[in-house]
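In each ligand, atom 1 is the first atom listed, and ligand 1 is the first ligand listed.
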Amino acid sequence: MKTALLVEPHGGNPVNLLVDEDRSALLKEISLSLPDISLNDRQLCDLELLATGAFSPLDGFMVRSDYESVLDRMRLQSDILWPLPICLDISDTQARNIEGGQSVAIRDPEGFLLAVMHVEDIWPVDREKEALRVYNTLDRSHPGVDYLFRKSGDFYMGGRLEVLSLPLHFDFKQLRMSPEEIKNIYGKLGWQRVVGFQTRNPIHRPQFEMTIRAMRQAKANLLLLPVVGMTKPGDFDHYTRLRCYREVIKDYPPDSFILNLLSLAMRMAGPRDAVLHAIISKNYGCTHFIIGHDHASPGMDGNGKPFYASDEACLLTKDLSSEIGIRILPFEEMVYLPFEDEYRSFDEIPAETQTVSLSASDIRERIRTGRRIPEWATSPDVVRELQRAYPPPKKQGFTVFLTGLSGAGKSTIAKVLYSRFLEIGNRPVTLLDGDIVRRNLSSELSFSKEHRDINVRRIGFVASEITKNRGIAICAPIAPYESTRAEIRKIIEECGGFIEAHVATPIEECEKRDRKGMYAKARAGLIKGFTGVNDPYEIPESPEVRIDTTDLTPDEAAQEILLFLGQKGFI
Ligand code: PPS
């Protein structure tokens, strides 16, 4: 028996995996003796959409035959169209301890019981095959490929689900309705035709124009489905987007739309993602679905070429629309005509008409760098919300991460910077010097690679919290490993500035200074694994600033960093 299928294709009986109270009580009892699987953010999103029927006709995480069929022909074993694997990935150890035929307790990261899964099969993930079939690339700059290779477990586990509780959300509860609840509202309101619009961006003017046109074209109402699960790294957070949507919806005709959040973990698979979005909208009772150009696009690959052609998503969904049971409303790029003061679709305007446009990523970039956004691009209310959440660099937090050998001058430069930032006095400043951290945060750690990495990650975590709250963190550990530094950069850049300063004073000079006498001890064999002597230091490839302090005073060295910060608008 296949577990991932329903009898009817898209538009058949709605799937609802939530069990009733009696069954729930029984499952709770049984779960005590079952192995636990704790879900991560992406898996929680998948579970929620499976449970509510947004992923109908799936009624569990995919079994192997469906997974392979989806990869090979974009269909489940039963021939029903399905574009992307919805699989539960697990680790090697978990795979060794669970067998097909067994049930497992599915929990959230805090241990709260969400579901019981009746496991049918477990199989190893063929990452290359999946990446090529689903994303059409092995390029790691694709967020879906990156997830598959870096975060996903080595095995998939498929099987039917009985859900006791949806993943808990504490925000915007009134905006998180299931497909069934939304369809009931249409019934009450007498809505016969509904256009679905799924988005991971704030609604700027072009998107607004597109939705209005779509509503007119289809003589329909609008279901706005902002994606609040996982979107593309670097997107505006969903709290900010929601505040923007609340501004934008004031401009729609009254009672013509419903705003509902979608806990979807986007894979950014371009055309295949678009097909999934159309299916989800169908499951939410939409009769029409908007596909703009570059739908669900992950942007450019490592060679600066787009991963997918801008019309690929549109062509594929149009081809499959009757099978999905939804009308696709394709939209070319909406461009602004400054002389006419109006938006038009790019394919409607005569050649040589003067047009301007700002994409959602252009707007993101402008907001992040504190540049102005013209009123024709997005409404001033939206700009105000975005600026409030994403202030320009001079109001953002940032981390100065000094890395280099012992004795290179990191701590001294850090102290000069600390004083300068306090003198400027517009942000709280925290100094996380290597020695201070070792005494207070990492006193139990040694200098093994593993422990150095833990130490540096701790520093990165604290610095990211400070940066997020718009303070300044000055860190000065040796931090000898490139991959750990890159990890920290990624976390911190999500919430503010990250300035890596390589204090590149050569070892000969550091050893000559030897203020703590440690090089002498290391050379005498009294300290094992001393960085630069008998332990590695991986030189940063492209730090924001590189300073050799051999012939510089501490003030001169600090000045290099201050000048860089000034140039980037942080101070
Ligand atoms: S790391 O690699 O980032 O975790 O190192 P860090 O926390 O910055 O600690 C470096 C300071 O500890 C002293 N020390 C050693 N350094 C390198 N290797 C070994 N084995 C070692 N043992 C002790 C050294 O004085 C470093 O201080 P700084 O301020 O860098 O000179």
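Shortest contact from atom 9 (O) of ligand 1 to any protein heavy atom: F447 CE2, 3.4 Å. With respect to atom 3 (O) of ligand 1, the closest heavy atom belonging to the protein is A479 N, 2.8 Å. Here the heavy atom of the protein found nearest to atom 11 (C) of ligand 1 is D435 OD1, 3.8 Å. For atom 30 (O) of ligand 1, the closest non-hydrogen atom on the protein side is K410 NZ, 3.0 Å. For atom 31 (O) of ligand 1, the closest non-hydrogen atom of the protein is S406 OG, 2.7 Å. When only non-hydrogen protein atoms are considered, atom 28 (P) of ligand 1 lies nearest to K516 NZ, 3.4 Å.
Remark: T484 OG1 to I488 CD1 distance equals 7.0 Å, nearest 0.5 Å. To the nearest 0.5 Å, the span separating CD1 on I280 from CG on L264 amounts to 4.5 Å.
Between I478 and ligand 1, at least one N/O pair is under 3.5 Å apart. Geometrically, ligand 1 and L405 share no nitrogen or oxygen pair separated by less than 3.5 Å. For ligand 1, the polar-atom distance check against G529 finds a nitrogen or oxygen pair separated by under 3.5 Å.
Within the 4.0 Å heavy-atom criterion, the part of R438 lying near ligand 1 is the side chain and not the backbone. Contacts between D535 and ligand 1 below 4.0 angstrom, taking non-hydrogen atoms only, are absent altogether. In T531, the parts holding a heavy atom less than 4.0 Å from any atom of ligand 1 are both the side chain and the backbone. In A408, neither the side chain nor the backbone holds a heavy atom less than 4.0 Å from any atom of ligand 1.
Residues T412 and R515 have side chains that never bring a donor and an acceptor to within less than 3.5 angstrom of each other. Of the N and O atoms on the side chains of T199 and N201, not one donor lies less than 3.5 Å from an acceptor on the other residue.
Residue V456 has at least one heavy-atom neighbour below 4.0 Å for each of these atoms of ligand 1: 3 (O). The atoms of ligand 1 that sit less than 4.0 Å from any heavy atom of G407 are 31 (O). Ligand-side atoms of ligand 1 in range of P480: 2 (O), range being under 4.0 angstrom from any heavy atom. The distance from ligand 1 to the heavy atoms of K528 drops below 4.0 Å at these ligand atoms: 20 (N).
The closest approach between any non-hydrogen atom of H451 and ligand 1 is not below 4.0 Å. Ligand 1 does not have R515 within reach: every non-hydrogen atom of the residue lies 4.0 Å or more from it.
Because its NZ or CZ atom is both nearer than 6.0 Å to the ring centre of F447 and within 45° of the ring axis, R438 counts as a cation-pi partner of that residue. Relative to the six-membered ring of Y481, K449 meets both conditions, a distance below 6.0 Å and an angle of at most 45° to the axis. Judged by the 6.0 Å distance and 45° axis criteria, R64 is not positioned over the aromatic ring of F155.
Across the listed options M518, K449, R452, R452 owns the non-hydrogen atom lying nearest to atom 18 (N) of ligand 1.
Each of D237, D273, D235, D294 was checked for a salt bridge (Lys or Arg N to Asp or Glu O under 4.0 Å) with R200, and the lone residue meeting it is D235.
In summary, the aromatic rings of Y135 and Y147 are positioned with their centroids too far apart to meet the 6.0 Å limit.
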Derivation of the salt bridge (Lys or Arg N to Asp or Glu O under 4.0 Å) call for E423 and R420:
CA-CA 5 Å; E423 275 174 29; R420 281 294 297 129; 2.5 Å; yes

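Ring geometry for F421 against F398 counts as perpendicular: the plane angle is over 60°, on a 0 to 90° scale with 30° as the lower cut. The aromatic rings of Y156 and Y67 lie perpendicular to each other, with more than 60° between the two planes, well past the 30° mark.
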